[in-house]
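One structure below.
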Amino acid sequence: MTTKLRGLDFRKSVDHMVDKAIRIIGLDAGIAKAIKSCNNVLTVRFPVEIKGKVEVFTGWRAVHSAHRLPSKGGIRFSIHSDQNEVEALAALMSYKCAIVDVPYGGSKGALKIDPRKYDRDEMRRITRRFARELATKGFLSPAVNVPAPDMGTGQREMAWIADTYKHLYPEDINYLACVTGKPVHSGGVRGRVEATGRGVQYALREFFRHPDCVKEAGMEGSLEGKRVVVQGFGNVGYNAAHLLHSQDGVKITAVIEYNGALSCESGIDPVKLYAYIQETGGVTGYPDAEFHKDAHKLLELDCDILIPAAIESVVTEENAPNIKAKLIAEAANGPVTFEADRVLHERGIVILPDAYMNAGGVAVSYFEWVRNLSHMRFGRMERRHDEVRGHCIVKAMEEITGKSAPDWVLTEIAKGPDELDLVNSGLDDTMRSSFQQIRAVKDEVDAVDDYRTAAYYIAIEKIAKSYLDIGIY
Ligand code: NAD
């Protein structure tokens with residue numbers, strides 16, 4: 001499939017999925033069209049001198065919605081990106097923010113580039129030039145449009161973007177809030193790097209708190225011992241695998257990468273594998289698992305939970321009939337196509353949709369943005385105060401009972417929360433309450449029979465309400 005077709009299919013796929021929710025709500029066709037349309041897309045082409053030769057790069061920033069500002073969404077560096085892909089991802093951002101109650105419009109950006117081909121200094125110059133294009137054309141600012149990391153970008157690129165904006169607009173006291181996902185020493189918030197993967201973990205924990213949901217997916221019990229296949233071992237895939245393995249006792253039975261896959265029935269150690277990939281650049285030759293050259297085929301491996309955490313359109317109508325997972329947790333954006341979604345639904349395979357599953361990233365980006373606007377680390381004012389109060393409660397208990405409290409009580413009660421505690425608590429609350437809302441719609445609205453439609457139902461209702469409240473002129 002060509003890149004162009006892939007992006008177009010992805011955009012249509014998102015639209016078709018949203019249409020189902022729109023039909024159930026019975027939304028006015030004009031409002032529906034207004035919600036689904038991408039407001040505007042900026043295309044930039046700019047030259048950068050690389051090793052003595054001029055190269056021209058192409059990038060996009062799409063604003064799908066601006067009913068809430070700023071519009072928010074990651075920037076992807078990928079050679080496969082195109083405008084359709086960026087528009088589809090921007091639309092997903094609008095719905096995602098609405099589902100998890102993050103007060104933003106939806107946006108997304110991409111630069112068509114293979115980052116592996118350039119050294120650090122070249123990437124720095126290319127990223128800064130891209131950021132300059134976005135800022136000077138009104139597509140980067142704390143009030144209007146705030147990017148974040150996505151595939152191929154991370155803290156490093158976000159720090160360069162913030163610094164470029166600062167040099168362009170030094171009088172903007174809120175300059176740090178022009179981008180999220182920055183390193184902590186450059187205004188980032190603790191917990192953002194692993195936020196999307198941790199959000200996947202919290203979402204799965206919430207799912208497994210409801211025995212009826214677990215039963216519907218053909219499983220029982222807790223996450224402990226569940227066999228999990230992960231596709232994409234980058235930021236999202238690695239962190240989800242690591243946290244679920246180390247804190248919930250799941251078994252990572254396969255890891256699928258773009259250049260090969262690994263399987264091991266007794267489980268793969270995510271930390272060990274991640275270190276190996278960092279050292280060698282891939283999964284080939286990893287000693288503690290079986291290597292498979294036909295990586296894509298491993299999506300069909302028998303397992304309890306499949307976590308696609310790489311790219312879009314990996315489960316299509318071709319391989320959907322062969323998928324053996326009981327539950328698909330969409331950590332990537334758009335991994336299951338519209339047609340595949342239908343096949344999987346008919347086969348009774350439960351899907352937790354991307355617009356909810358990977359929303360932990362934008363939730364914690366929201367916390368970072370608020371932190372940047374308040375110019376203060378979370379917990380700075382109340383941490384010691386809460387600690388003193390905790391000590392008083394423990395002391396009072398000891399005096400009343402005449403017994404001394406065990407050490408764990410002192411550690412748990414008499415401890416003021418630090419920034420990471422607060423961020424994780426906010427993330428947990430976001431993922432739990434959003435799942436409960438989605439589940440309620442799935443159970444209570446007659447025509448809604450899957451989590452994706454339920455999530456879009458919530459998103460469309462909220463966005464339509466805000467369009468109607470503001471009024472369209
Ligand atoms: P990343 O670049 O850190 O990691 C992606 C991983 O997938 C890499 O290890 C890459 O080698 C692998 N990969 C690429 N193509 C593949 C293929 N065809 N088959 C198997 N593996 C492949 O990216 P990321 O930030 O982890 O993003 C992954 C997905 O999660 C994307 O869909 C992205 O839009 C989505 N997402 C990311 C965030 C975030 O905070 N980073 C937030 C929300 C959604």
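Computed from a predicted structure; not experimentally measured. We number each residue from 1, following the sequence as shown. Numbering of ligands and ligand atoms starts at 1, following listing order.
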Q. For ligand 1, which atoms sit closer than 4.0 Å to a heavy atom of Asn358?
A. 43 (C), 44 (C)
**Q.** Protein residue, atom and distance nearest to atom 3 (O) of ligand 1, heavy-atom basis
**A.** Asn235 N, 2.9 Å
Q: Can you label the angle between the Phe435 ring and the His210 ring as parallel, tilted or perpendicular, going by 30° and 60°?
A: tilted
**Q.** Residues Asp341, Lys20: salt bridge by 4.0 Å N-O rule
**A.** no
Q: Report the nearest protein non-hydrogen atom to atom 16 (C) of ligand 1: residue, atom name, distance rounded to 0.1 Å.
A: Tyr258 CB, 3.5 Å
Q: Report the part of Ala309 in contact with ligand 1, treating N, CA, C, O as backbone and CB onward as side chain, heavy atoms under 4.0 Å; options are side chain, backbone, both, neither.
A: backbone
Q. Could you go step by step and tell me if Arg452 and Glu330 meet the side-chain contact (heavy atoms from CB on, under 4.5 Å) rule?
A. CA-CA 10 Å; Arg452 193 189 310 278; Glu330 294 185 335; 2.9 Å; yes
Q. Between Tyr366 and Tyr104, does the ring centre distance come in under 6.0 Å?
A. yes
(Q) Phe208: which residues meet the ring-ring contact (aromatic ring centres under 6.0 Å, His included) condition with it, sequence neighbours left out? (A) none
Q.
Taking 4.0 angstrom as the limit and counting only heavy atoms of Ala332, give me the atoms of ligand 1 inside it, by number and element.
A. 29 (C), 30 (O), 32 (O)
Q) Considering only the protein, which heavy-atom contact is closest to atom 29 (C) of ligand 1, and what is its distance? A) Ala310 O, 3.3 Å
Q. So is Arg76 in contact with ligand 1, going by heavy-atom distances below 4.0 Å?
A. yes
Q: Have a look at Phe77 and tell me which of Asp114, Asp150, Thr127 forms a side-chain contact (heavy atoms from CB on, under 4.5 Å) with it.
A: Thr127
Q) Which of the numbered atoms in ligand 1 are below 4.0 angstrom from a heavy atom of Gly234? A) 3 (O), 4 (O), 6 (C), 9 (O), 26 (O)
Q) So, Asn319 versus Lys297: side-chain donor-acceptor pair below 3.5 Å or not? A) no
Q) Going by the angle between their ring planes, with limits at 30° and 60°, are His242 and Tyr238 parallel, tilted or perpendicular? A) parallel
(Q) Looking only at protein heavy atoms, which one is nearest to atom 40 (O) of ligand 1, and what is the separation? (A) Thr196 OG1, 2.7 Å
Q.
Taking 4.0 Å as the limit for heavy-atom contacts, which would you say applies to Pro335 with ligand 1: side chain only, backbone only, both, or neither?
A. neither
(Q) Counting non-hydrogen protein atoms only, what is the nearest one to atom 18 (N) of ligand 1? Give residue, atom name and distance. (A) Ile311 CD1, 3.6 Å
**Q.** Closest to atom 10 (C) of ligand 1 among Glu257, Glu85, His80, Arg116 (heavy-atom distance)
**A.** Glu257
Q.
Quick check on contacts: which atoms of ligand 1 are under 4.0 angstrom from a heavy atom of Asp150?
A. 25 (O), 33 (C), 34 (O), 36 (N), 37 (C)
**Q.** For atom 35 (C) of ligand 1, the protein heavy atom that lies nearest, with its residue and separation
**A.** Asn333 ND2, 3.7 Å
Q) What do you reckon, does Gly152 have a nitrogen or oxygen under 3.5 Å from a nitrogen or oxygen of ligand 1? A) yes
Q.
For atom 7 (O) of ligand 1, what's the nearest protein heavy-atom neighbour? Residue, atom name and distance, please.
A. Gly232 CA, 3.5 Å
Q.
Among Asp450, Leu344, Leu306, Leu327, which residue satisfies the side-chain contact (heavy atoms from CB on, under 4.5 Å) criterion with Ile351?
A. Leu344
Q | Which residue and heavy atom of the protein sit nearest atom 26 (O) of ligand 1, plus the separation | A | Val236 N, 2.9 Å
Q. Under the 6.0 Å and 45° cation-pi test, does Lys442 pair with Tyr451?
A. yes
Q: Check each atom of ligand 1 against the heavy atoms of Gln231 and keep those under 4.0 Å away; list them by number with element.
A: 19 (N), 20 (C)
Q: Give the numbers and elements of all ligand 1 atoms closer than 4.0 Å to a heavy atom of Ile256.
A: 20 (C), 21 (N)
Q: Can you label the angle between the Tyr276 ring and the Tyr286 ring as parallel, tilted or perpendicular, going by 30° and 60°?
A: perpendicular
Q: Could you tell me which residues satisfy ring-ring contact (aromatic ring centres under 6.0 Å, His included) with Phe139, sequence neighbours excluded, listed by chain and number?
A: none
Q. Numbering the atoms of ligand 1 from 1, which are under 4.0 Å from a heavy atom of Arg192?
A. 40 (O)
